Number of protein chains: 2
Amino acid sequence: MRALADCRDFTSAQELYALLLAGDHAIGLTTVYRALRELEADGGVDVVREGTGGRLYRLRLADGHRHYLMCRDCGRSRPVDSEAVEEWASRIAADTGFTAVEHTVELTGVCTDCLRCADACRPSSGDEGDERPCHWDRAPDPRDRARSCAS
Amino acid sequence: MRALADCRDFTSAQELYALLLAGDHAIGLTTVYRALRELEADGGVDVVREGTGGRLYRLRLADGHRHYLMCRDCGRSRPVDSEAVEEWASRIAADTGFTAVEHTVELTGVCTDCLRCADACRPSSGDEGDERPCHWDRAPDPRDRARSCAS
DNA sequence: TTGTTTGCAAAAAGTTTGCATAATC
DNA sequence: GATTATGCAAACTTTTTGCAAACAA
């Protein structure tokens with residue numbers, strides 16, 4: 001849980017496992033999965049699914065269930081105001097007569113930092129020597145999410 | 001595509017493959033996956049993810065991108081009015097400055113039919129001889145979605 | 001003949017489970 | 001001593017890829 005709190009963004013079980021190992025914590029992958037599953041059941045984490053089917057976990061904020069907007073490039077996420085969706089979901093439940101209605105909402109985009117990065121070093125000419133952090137040339141794999149593009 | 005149109009609910013690649021084989025169509029699983037991937041890229045299908053990470057596909061209605069409310073018990077889905085979420089997503093995009101904002105929304109619940117079924121044959125006493133279709137005793141595995149509980 | 005489509009088998013990737021060991025009460 | 005937690009290895013599921021055969025232009 002401490003490790004999960006340290007990475008303040010959505011993190012996969014495997015990432016968390018690697019982080020724990022790197023931090024000199026002897027732990028098994030199974031234990032990480034089990035702990036995350038329990039946390040999920042207890043509502044201690046918000047969960048989001050990445051394109052490849054994996055799950056990403058983020059420690060739930062004190063104020064409960066939230067939705068997030070995540071940058072597809074750097075992976076950073078921020079909670080967003082989601083009253084409107086909550087109300088919408090309740091209304092659907094009421095209108096249709098469905099019970100125990102649950103919703104998952106995933107919002108992704110490209111954050112302003114990453115957009116700036118992309119603009120700055122787009123494949124125009126040879127300005128690769130630019131000292132600005134940039135990951136334009138990274139693989140577009142969501143698992144490669146790097147947090148290097150500081151604003 | 002015809003097979004996909006026939007099952008009017010969200011269907012997995014494997015299910016579709018099985019259906020095609022059962023319908024005497026010689027086809028390979030790979031081809032099914034490839035076709036679904038192309039359909040997804042072309043926007044020809046709506047996609048939701050099931051709990052285990054699998055993808056479910058449903059031929060997109062003529063009026064374009066929709067969201068659905070799916071019964072966790074019988075698997076039947078119905079399009080819902082989702083203007084509110086679309087507007088909400090646009091507003092988030094505008095407020096945060098994120099570009100290329102995409103959203104996925106999954107709504108699940110228990111439909112009135114399945115609720116009735118559950119109520120009718122709940123483990124109270126020995127009314128198992130009831131002729132009413134019921135799947136109360138089914139495994140709660142989302143892949144077992146049966147469409148047997150006709151209203 | 002050149003290029004595209006197909007499908008089998010094998011590989012990937014992520015997650016869960018069996019089971020024996022270690023820790024805890 | 002009994003119960004729970006741990007972790008390795010193996011199983012499992014879903015999806016993708018390598019590659020050769022079939023088909024099409």
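Below, read A as the first sequence line, B as the second, and so on, with proteins coming before strands; counting in each chain starts at 1. No experiment lies behind these values; they were computed from the predicted model shown.
Looking only at atom types and distance, the side chain of A:Tyr33 has a donor-acceptor partner in the side chain of A:Gln14 under 3.5 Å away. Side-chain contact check for A:Tyr57 and A:Asp46: no donor-acceptor pair (N or O, by modelled atom type) lies under 3.5 Å. There is a side-chain donor-acceptor pair under 3.5 Å between B:Ser77 and B:Arg58.
Between the P atom of D:dG7 and the CG atom of A:Leu16 lies a distance of 13 Å, rounded to the nearest Å. With rounding to whole Å, A:Leu36 atom CG is found 13 Å from C:dG14 atom C1'. Protein atom CD1 of A:Ile27 is 9 Å distant from nucleotide atom C1' of D:dT6, rounded to whole Å. Residue B:Leu29 contributes atom CG, which lies 10 Å from atom P of D:dT16 at whole-angstrom precision. A straight line from CZ of A:Arg49 to P of D:dT14 spans 14 Å, rounded to a whole angstrom. Between A:Tyr17 atom OH and D:dT6 atom P the separation is 14 Å, expressed in whole Å. B:Gln14 places its CD atom 15 Å from the P atom of D:dC12, with the value rounded to the nearest Å. D:dG7 atom P lies 15 Å from atom CZ of A:Arg37, rounded to whole Å.
With distances taken from any side-chain atom of B:Thr31 to the nucleotides C:dT6, D:dT14, C:dT15, the minimum falls on C:dT6. In the set D:dT15, D:dT17, C:dT6, the nucleotide with an atom closest to the side chain of B:Thr30 is D:dT17.
Across all strands shown, A:Gly53 has no heavy atoms under 4.0 Å from either base or sugar-phosphate atoms. Here A:Arg55 lies in heavy-atom contact (under 4.0 Å) with sugar-phosphate atoms only.
For B:His67 and A:His103, the ring centers sit 6.0 Å or farther from each other.
For D:dT16, neither phosphate oxygen OP1 nor OP2 lies less than 4.0 angstrom from any side-chain nitrogen or oxygen of B:Tyr33.
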